Amino acid sequence: MSMEKFDAIVIGAGHAGCEAGLALARTGNKTLLLTLNLDAVAFLACNPSIGGTAKGQLVSEIDALGGEMGINADKTMIQIRMLNGGKGPAVQSLRAQTDKIDYHNEMKKTLESCPNLYLRQGEVVDIICEENGDKIVKTALGISYICKAVVFATGVYLKSRIIIGDYTKESGPNGFSNAMLLSECLQRLGIKLLRFKTGTPARINGRSIDYSKLEKQQGDENIQNFSFISDKKRNNKACCYLTYTNENTHQIIKDNLDKAPVFSGLIKGVGPRYCPSIETKIVRFADKNRHQLFLEPESLSTREVYIQGFSTSMPVDVQEKMIRSIVGLENAEIMRDSYAIEYDCIDPTELNPTLELKKIKGLFFAGQINGTSGYEEAGGQGIIAGINANLYIKGKEQLVLKRSDGYIGVLIDDIVTKGTNEPYRMMTSRAEYRLFLRQDNADLRLTEIGRKVGLVDDERWNKFLDKKEKLKEIEEVLKLKFKVAEIEELFKENGESLPRESITIKDMLKRSNIDAFKINDKLHMFDQFSYEIINEMNIMVKYEGYLKQQEEEIEKFKKNEMTLIPSDFDYRKYHGLRLEAVEKLEEMKPLSIGQASRISGVSPSDIAVLSVLVKKYVSENKK
């Protein structure tokens, strides 16, 4: 067969692969999206939800750049909630229960309908990198394709192995076939591999749950969508429920620890610290007498219910005893057993912040192959890998999202600069500018970048411009003054002392117990504005001082990020840097003084010396 030519090939059609493939195709590249199984496109292999703490921010950032995850989540959500709603806006995050069957179907339809995108089932077994920069991608069936750029988005499928008790099987998630040969190809290319592990809880039949014993978790009404272009407000169609482990559950686990693969040595891969198995929780937090569990419906077209927080690789008979020891689950019927999965991934420090491999131009990596966990983390990397593969193909400067630009920037900087010795999970605490990097303002931060790289279409761009105009209009409303008599009821109802003279709406908002929605209930000054605009303005006014302080910190941060280190700078030639710092800097090849400052083993004094050396080097080479 003659080799069909593509501009780009994406390997894997999970959450990273979908975003990468769409980004490449939508920017005019003939793109082939290869996947082991078309039934696994955008498959929610673990929990049936999108978003969550820090993850909701990632979804809205993907959307603001012109991605698909937020749109698809809005289409297929069956319940939505704002997590940490009682806390400050820096840690508030949307989380939606999605219909996992609809999520897969809708994303597959989007891929199939996208011009320039070709979807094909097939296992990639080898990549050949030609001297002229072309890449030849070979499949197990003997088909070869030629392209300019490749995005690896293979998820947890590389040499993956399912583990349940002493039972093991070479398999991908949910019984899907795995990729057994691509790991050797990566090693031949000189890429270091790691072995990680994650897992997923059992699914039980909803008819066997006694919901009368459980705490109902309702969704929220009238809150923002994930996508800034989703106009339609979705109704909550399902409920989640809350229950807990107990001392009986813990005793069953303790009595069977010798059968737990995570402790017996059968599992070799490193597991996630922030989403451990239930047996790991019992051992690690021995003083806790219960652990919270969420029961989440998987779809409106199935009775399967996911037990969030109850991941385990115990034998199936022990799993059943554990589950039936829990209040409300005494008669639970297990439909799918819980399992652990081990897989190969790469050392992400071998990547540039563009997600391009340092050693070989035109190879990009995104998602769990980079040692991360989570659908949202994968999607965020996928869209950046797709954007940069497009820019590489067109010979343009690639995009580096800074830590001050978004959670996606924090995520990528963390893994490529510091690496990860366990499956990486995004958390709000990782983002030092989290008050500035909120979910509600992701479009204000990133839509212009998405437009510049060619992903933001006219519809999204016009909505963005309209939002900016509405924010200007509402700023004028904030200047309006009210007499004391006009606001007396509002202030008294909310426990605020009355001002001595007329007061502007903006100054009212600075009162602790008064927000824009309460003002509008009484004075109806914001009736012409949407919930999103009112909420955005409310946050901007209430946190004005903190935001100004954070913006000043960001400006200082950007100065170091803008001090670029020439690619041919030889750290070994200069005195003043410690030997450990030289070794780390030579290995990592940071792009900027800012990135260098975040490398483990490089001290502030090293950075001070390096700044002087780089400035001197640049000055001398200009002559």
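All values derive from a computational prediction rather than experimental measurement. Excluded from the calculations below are hydrogen atoms, water molecules and symmetry mates; all remaining heavy atoms, backbone and side chain alike, are included. We're numbering straight along the sequence, starting at 1.
- Judged purely by distance below 3.5 Å, without hydrogens or angles, the side chains of N174 and R336 pair a donor atom with an acceptor atom.
- More than 12 heavy atoms of other residues, nucleotides or ligands shown are found within 6.0 angstrom of NZ on K359.
- Side-chain atoms of I565 and L585, non-hydrogen and from C-beta on, never get closer than 4.5 Å to each other.
- Between the side chain of S338 and the backbone N or O of T200, at least one donor-acceptor pair lies under 3.5 Å.
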For this session: Apply salt bridge (Lys or Arg N to Asp or Glu O under 4.0 Å) to the pair E4 and K30, showing each step before the final yes or no.
Result: CA-CA 11 Å; E4 188 173 358; K30 183 182 178 184; 3.4 Å; yes

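- In the model, R434 has no side-chain atom that pairs as donor or acceptor with a side-chain atom of T428 under 3.5 Å.
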For this session: Give the intermediate values and the outcome of side-chain contact (heavy atoms from CB on, under 4.5 Å) for residues T110 and I71.
Result: CA-CA 11 Å; T110 299; I71 294 171; over 6 Å; no

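- By the 6.0 Å contact criterion, NZ on K138 is open, its count of non-hydrogen atoms from other residues, nucleotides or ligands being 12 or less.
- With M588 as reference, I599 is the one residue of V416, I599, V602 to meet the side-chain contact (heavy atoms from CB on, under 4.5 Å) rule.
- Nearest heavy atoms, L65 versus L455: O-CB, 3.3 Å.
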Exercise. Do V410 and M426 pass the side-chain contact (heavy atoms from CB on, under 4.5 Å) test, and can you show the C-alpha distance, the side-chain angles, and the key distance before you say yes or no?
Worked result: CA-CA 9 Å; V410 173; M426 192 72 244; 3.7 Å; yes

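- For the residue pair Q398 and T354, a side-chain donor N or O sits within less than 3.5 Å of a side-chain acceptor on the partner.
- Cation-pi geometry between R430 and Y424 is satisfied (NZ or CZ under 6.0 Å from the ring centre, within 45° of the ring normal).
- By the 4.0 Å N-to-carboxylate-O rule, R572 lies close enough to E586 to be salt-bridged with it.
- In this structure, R26 does not pair ionically with E19, as no charged nitrogen and carboxylate oxygen lie closer than 4.0 Å.
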Exercise. Step by step, would you call E561 with R598 a salt bridge (Lys or Arg N to Asp or Glu O under 4.0 Å)?
Worked result: CA-CA 11 Å; E561 299 303 303; R598 296 187 290 276; 2.9 Å; yes

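- When side chains are defined from C-beta on, L158 does not count as touching C345, because their heavy atoms never get closer than 4.5 Å.
- With hydrogens and angles ignored, the 3.5 Å screen pairs a side-chain donor or acceptor of N370 with a backbone N or O of F365.
- Of the possible polar contacts, none joining the E170 side chain to the K159 backbone as a donor-acceptor pair under 3.5 Å is found.
- Side-chain atoms of P353 and Q595, non-hydrogen and from C-beta on, do get closer than 4.5 Å to each other.
- For the pair Y157 and P173, the minimum side-chain heavy-atom distance is below 4.5 Å.
- Separating the OG atom in S611 from the NZ atom in K616 is a distance of 14.5 Å, to the nearest 0.5 Å.
- Note that CD1 of I62 and CG of L22 are 11.5 Å apart. Values are rounded to the nearest 0.5 Å.
- Considering all non-hydrogen atoms of both residues, F152 and I369 come closest at O-CG2, 3.7 Å.
- Residue-environment remark: CG (D570) exceeds the threshold of 12 foreign heavy atoms within 6.0 Å.
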Problem set entry | Test side chain to side chain donor-acceptor pair (under 3.5 Å) applied to S603 and D606, step by step | CA-CA 5 Å; S603 69; D606 292 320; 2.9 Å; yes

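- You'll find the side chain of T198 reaches within 4.5 Å of the side chain of Y343, heavy atoms only.
- Side-chain N or O atoms of E61 include one that pairs as donor or acceptor with a backbone N or O of I408 at under 3.5 Å.
- For the atom pair CG (L182) and OG1 (T154), the distance works out to 6.5 Å, reported to the nearest 0.5 Å.
- Contact check for Y118 versus L32: side-chain heavy atoms found under the 4.5 Å cut-off.
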For this session: Report the C-alpha distance between Y574 and V609 in whole Å, list the side-chain angles of each, state the deciding distance to 0.1 Å, and finish with yes or no for side-chain contact (heavy atoms from CB on, under 4.5 Å).
Result: CA-CA 10 Å; Y574 299 95; V609 172; over 6 Å; no

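- In this model, a donor atom of one side chain and an acceptor atom of the other lie less than 3.5 Å apart for D347 and T349.
- Scanning all heavy atoms of the two residues, the minimum distance from F176 to N37 falls at CD2-ND2, 3.6 Å.
- Between F6 and T31, the shortest heavy-atom distance links the atoms CD2-C, 3.9 Å.
- Side chain of N29 to backbone of D7: no donor-acceptor contact under 3.5 angstrom is found.
- A389 and V151 get closest at one heavy-atom pair: CB-CG2, 4.1 Å.
- Taking the six-membered ring where the residue is Trp, H291 and F285 present tilted rings, their angle falling between 30° and 60°.
- Counting only N and O atoms by type, the side chains of S93 and Q57 include a donor and acceptor under 3.5 Å apart.
- Open room surrounds NZ on K396; 12 or fewer heavy atoms of other groups in view lie less than 6.0 Å from it.
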Exercise. What's the verdict on salt bridge (Lys or Arg N to Asp or Glu O under 4.0 Å) for D344 and R195, showing C-alpha distance, side-chain angles and the deciding distance?
Worked result: CA-CA 5 Å; D344 287 345; R195 190 75 172 165; 2.9 Å; yes

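- Using modelled atom types, one side-chain atom of E342 and one backbone atom of G269 make a donor-acceptor pair closer than 3.5 Å.
- When every heavy atom of V618 is checked against every heavy atom of P566, the shortest pair comes out as CG2-CG, 4.0 Å.
- Distance check: I253 CD1 to Q319 CD gives 10.5 Å after rounding to the nearest 0.5 Å.
- Put simply, the side chain of K100 reaches to within 4.5 Å of the side chain of F43, judged on heavy atoms.
- Side-chain N or O atoms of R578 include one that pairs as donor or acceptor with a backbone N or O of G601 at under 3.5 Å.
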Exercise. For I393 and L24, what are the C-alpha separation, side-chain angles and deciding distance, and is it a side-chain contact (heavy atoms from CB on, under 4.5 Å)?
Worked result: CA-CA 10 Å; I393 290 165; L24 279 158; 4.2 Å; yes

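- No donor-acceptor pair under 3.5 Å is formed between the side chain of E422 and the backbone N or O of V270.
- Between the R203 side chain and the P201 main chain, a donor and an acceptor come within less than 3.5 Å of each other.
- Looking at R161 and L266, their side chains come closer than 4.5 Å, going by heavy atoms from C-beta outward.
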Exercise. Would K402 and D413 satisfy salt bridge (Lys or Arg N to Asp or Glu O under 4.0 Å), going step by step from the backbone distance to the final call?
Worked result: CA-CA 8 Å; K402 297 184 287 295; D413 184 67; over 6 Å; no

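- Remark: E432 engages R403 in a salt bridge, criterion side-chain N to carboxylate O under 4.0 Å.
- The 12-atom threshold is not exceeded at CD of E397, counting heavy atoms of other residues, nucleotides or ligands nearer than 6.0 Å.
- Rounding to the nearest 0.5 Å gives a distance of 12.0 Å between CZ of R273 and CZ of R425.
- Residues Y167 and Y339 place their aromatic rings such that the two centres sit no closer than 6.0 Å.
- Using cut-offs of 30° and 60° on the angle between ring planes, the pair Y375 and H15 is tilted.
- Without hydrogens or angle criteria, E279 side chain to S313 main chain gives a donor-acceptor distance under 3.5 Å.
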